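To keep things clear, I will list the structure first and then write my remarks on it.
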Amino acid sequence: MNNPAAANLVATTIGTVKWVAVAGFALLGAFGVLGGLLSGEVSGVLVGLMVLVASALCALLMWVLFGWFEQTLRMLADIAVNTGSRTAAPSPPGY
């Protein structure tokens with residue numbers, strides 16, 4: 001298989017999902033802080049900050065894991081292209 005197009009398409013999709021999820025967590029954190037500030041109470045502000053910290057941790061985890069998945073898939077596709085014809089098993093005699 002010397003065509004890594006399918007693997008690269010999946011890797012690109014993983015990268016897109018990663019950035020959409022990170023943006024979603026950033027919006028969640030921003031709206032959490034905004035909601036906490038608009039509540040006018042100390043407990044609302046604390047809950048907003050807790051939402052911000054939790055969404056930041058989730059965004060970081062998503063960015064690291066999905067980035068690792070994306071880069072690993074791209075690397076494996078490149079390895080398959082570079083070693084595809086040399087690792088094929090020889091056909092037995094008579095076939």
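Quantities reported herein were computed from a predicted structural model and do not represent experimental measurements.
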So if you build clusters from Ile, Leu, Val, Met, Phe, Trp, Tyr with side-chain heavy-atom gaps below 4.5 Å, do L38 and F31 land together? yes
Should V20 and L27 be regarded as members of a common hydrophobic cluster, given that ILVMFWY residues are connected when their side-chain heavy atoms come within less than 4.5 Å of each other, either directly or indirectly? no
Could you walk me through whether T13 and E70 pass side-chain contact (heavy atoms from CB on, under 4.5 Å), step by step? CA-CA 9 Å; T13 303; E70 178 186 5; over 6 Å; no
Which other residues belong to the hydrophobic cluster containing M50, where Ile, Leu, Val, Met, Phe, Trp and Tyr are joined when side-chain heavy atoms lie under 4.5 Å apart, directly or via other members? none
Spacing of CZ belonging to F66 relative to CG belonging to L61, to within rounding of 0.5 Å: 9.5 Å
Would you find a donor on one side and an acceptor on the other, under 3.5 Å apart, between the side chain of T72 and the backbone of F69? no
Would you compute the distance between atom CG of L9 and atom CG of L73 and round it to the nearest 0.5 angstrom? 10.0 Å
Could you see if V53 belongs to whatever hydrophobic cluster contains L49? Use Ile, Leu, Val, Met, Phe, Trp, Tyr and a side-chain cutoff under 4.5 Å. no
Nearest heavy-atom pair of V45 and S39: which atoms, and what distance? N-OG, 4.2 Å
List in chain and number order the residues that pass side-chain contact (heavy atoms from CB on, under 4.5 Å) with L60, two or more places apart in sequence or in another chain; answer none if no residue qualifies. W63, V64
To the nearest 0.5 Å, what is the distance between CG on L28 and CG on L52? 9.5 Å
In one Ile/Leu/Val/Met/Phe/Trp/Tyr side-chain cluster, 4.5 Å: V17, V10: yes
